[in-house]
Amino acid sequence: MRDDQQKLISSFMEIAIGQTKDTTIQFLKATSWNLEEAINLFIIHRENQPLCQQNATELHRSDYQEEEHIRPPLPSIRDTLYDSSYMYQTPVQVCPEEIWDAESEPSEDSDTDVGPDSKPEPSEESRRLSSLFRAPLKLLFQGTFEEAKSTSSRQNLWLLVNLQSTTEFASHMLNRDLWANEIVSQAIESSFILSQVYDDTTEGKKVSTFYRIESAPPVVLLIDPITGQNMRSWSGAIEAHGFVEDLMKYMDDGPHQYMASSTRNKRMKTDKISSESSQTGMPELARNQTISHIVVPSWGLEFEKSAEVKQEEETCLRYPDLTEEPNGDCDRSLVCSLCVRFPDGRRKQRKFLKTEPIQLLWSFCYSQMVESEKKAFKLVQAIPGASKTLEYGPNATFDQSGLANSMISITWE
């Protein structure tokens, strides 16, 4: 019952004192919920009781007929929802890149064939989203996994294999947050070949089975193209700076240099074991005579004094006082951010003004070291394809030196 009807019932009962709610509803219904006519009908009811009883009887009869008027049920029907041949239709294989192109790029006939059934052009927002999550087409190798391996081996580049999934949103986030990063793309273009496969394709299943990938996509593998060995793997959400830092150790030497270095180390280890075993077979006296003839070289007093002076100079080395870090209210165009990786694996981020001298970077690194670890160190800037050792002497600013928004690693001297 509606609120306005409740108000009419309350008003009627205030005027017709002593009447029940059911009687009030009967008079209001008889007058189509007109309060004035219902009160007049109630006054006539008091003067002519039999007429009121007859009207009440008709009222009950009409209400009963309204309640009894129920729509009959619909007749039951039987039909086939889909034909049996539909179950055996072969699904159409659509490449994820084609999906992005279909959503973002209009067809050639879109401006000529425009009808009532034609789909509207995608909005500006949908185009922007599709460009954000689009696969890195400029970085991707176009070919199979075996072709990517042979090309990487021929060009002496490491092979990165990215296993994706069209149903996992984390895979699309990897396209936006990792492959679209400028530092990551520069590193890949200089020292790697990137191949992207999907887990529901033949190539994706082959990679998953061969390398026994158990984690859910996205997964990134670093493959030695010569041996096919999995050198390193990442899964899930991958942070761009940490990813570049992990790749740095593979950017200096290609797969061929790595293979030659491994072979040389194995040969040296074998020779060392052979020499130790042959030395073990020498008589005890001969070994003692050999050891007794070894003379410890003496560098003289000059060298010892110079070493002491150098040690004192390193101990007395002082860096300029560290300035206060810019806060969030500062203009972003005047601020640069640097990420520093310490030898123990810690990472620290610090903001500097672009006009400040780069010596403050040494002050910041020195302030973050434990007292027992405070010794001479050098700073190395991560550059795609190489590494650059920074010099403390030049009186340059962060903007002039090109250190803005870069990653710095600390190594002991």
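Note that this is a predicted model, so its numbers are computed, not measured.
Within 6.0 Å of atom CZ in Arg346, more than 12 heavy atoms from other residues, nucleotides or ligands are found, so the atom counts as buried in its surroundings. Heavy-atom contacts from other residues, nucleotides or ligands closer than 6.0 Å to NZ of Lys7 number 12 or fewer.
Between Trp179 and Phe243, the ring planes are perpendicular. Angles over 60° get that label, and only those under 30° would be called parallel. Relative orientation of the Tyr319 and Phe377 rings is tilted, given thresholds of 30° and 60° on the angle between their planes. Using cut-offs of 30° and 60° for the angle between ring planes, the Tyr392 and Trp362 rings count as perpendicular.
Between Thr355 and Leu334 the shortest side-chain heavy-atom distance does not fall below 4.5 Å. By the 4.5 Å heavy-atom criterion applied to side chains, Leu222 and Trp234 are counted as neighbours. No side-chain heavy atom of Trp158 sits less than 4.5 Å from a side-chain heavy atom of Ser152. Residues Leu322 and Tyr366 are not in side-chain contact: their nearest non-hydrogen atoms beyond the backbone lie 4.5 Å or more apart. Here the side chains of Leu159 and Lys149 are in contact, with some heavy-atom distance below 4.5 Å. Considering only heavy atoms from C-beta on, Val161 stays 4.5 Å or farther from Tyr211 through its side chain. Put simply, the side chain of Gln196 does not reach to within 4.5 Å of the side chain of Leu139, judged on heavy atoms. Counting heavy atoms from C-beta on, the side chains of Pro326 and Leu353 come closer than 4.5 Å.
Once rounded to the nearest 0.5 Å, the distance linking SG of Cys339 with NE2 of His241 reads 6.5 Å. Atoms OG and CG, on Ser10 and Leu35 in that order, are 10.5 Å from each other to the nearest 0.5 Å. In this structure, the separation between CG on Leu221 and CE on Met231 is 12.5 Å, given to the nearest 0.5 Å. Here the straight-line distance linking atom CD1 of Ile213 with atom OG of Ser233 works out to 8.0 Å at 0.5 Å rounding. Interatomic distance, Ile408 CD1 to Lys388 NZ, rounded to the nearest 0.5 Å: 9.0 Å. Residue Leu338 holds its CG atom at 10.0 Å from CE of Met407, rounded to the nearest 0.5 Å.
The backbone N or O of Glu147 sits less than 3.5 Å from a side-chain atom of Ser150, completing a donor-acceptor pair. Remark: the backbone N or O of Phe141 is not paired with any side-chain donor or acceptor of Ser195 at under 3.5 angstrom. At least one donor-acceptor pair closer than 3.5 Å links the side chain of Asn40 to the backbone N or O of Glu36.
Using a 4.0 Å cut-off between charged side-chain N and carboxylate O, Glu146 and Lys206 make no salt bridge.
Screening Thr201, Asp199, Asn175 against Gln164 for a side-chain contact (heavy atoms from CB on, under 4.5 Å) leaves a single residue, Asn175.
With 3.5 Å as the limit, one finds no donor-acceptor pair spanning the side chains of Asp4 and Trp33. Side-chain contact, Ser333 with Asp331: a donor N or O sits under 3.5 Å from an acceptor N or O.
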| said: Between Val244 and Gln186, is the side chain to side chain contact (heavy atoms under 4.5 Å, CB included) condition met? List the steps. | reply: CA-CA 10 Å; Val244 173; Gln186 289 178 1; over 6 Å; no
| request: Apply side chain to side chain donor-acceptor pair (under 3.5 Å) to the pair Asp399 and Thr397, showing each step before the final yes or no. | output: CA-CA 5 Å; Asp399 194 15; Thr397 63; 5.8 Å; no
| task | Could you walk me through whether Ser261 and Asp253 pass the side chain to side chain contact (heavy atoms under 4.5 Å, CB included) test, one step at a time? | result | CA-CA 10 Å; Ser261 176; Asp253 297 328; over 6 Å; no
| said: With side chain to side chain contact (heavy atoms under 4.5 Å, CB included) as the criterion, how do Phe145 and Phe210 come out once you've worked through the C-alpha distance, each side chain's angles and the decisive distance to 0.1 Å? | reply: CA-CA 12 Å; Phe145 174 70; Phe210 185 79; 5.8 Å; no
| field | Full working for side chain to side chain contact (heavy atoms under 4.5 Å, CB included) between Leu403 and Phe352 | value | CA-CA 11 Å; Leu403 294 178; Phe352 297 92; over 6 Å; no
| query | What's the verdict on side chain to side chain donor-acceptor pair (under 3.5 Å) for Gln257 and Asn156, showing C-alpha distance, side-chain angles and the deciding distance? | reply | CA-CA 9 Å; Gln257 288 81 358; Asn156 193 26; 3.0 Å; yes
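The shortest heavy-atom contact between Ser153 and Pro225 is N-CB, 3.7 Å. Nearest approach of Val197 to Glu203, heavy atoms of both residues: CG1-CB, 4.0 Å. The minimum heavy-atom distance linking His172 with Ser165 is given by the pair NE2-O, 4.5 Å. Nearest heavy atoms, Pro217 versus Glu168: O-CG, 4.1 Å. Closest approach of Lys205 to Thr209, counting heavy atoms only: O-OG1, 2.8 Å. Contact record, Leu157 with Ser190: CD2-O, 3.9 Å, taken as the closest heavy-atom pair.
Taking the centre of each ring, Tyr250 and Phe192 stay at or above the 6.0 Å mark.
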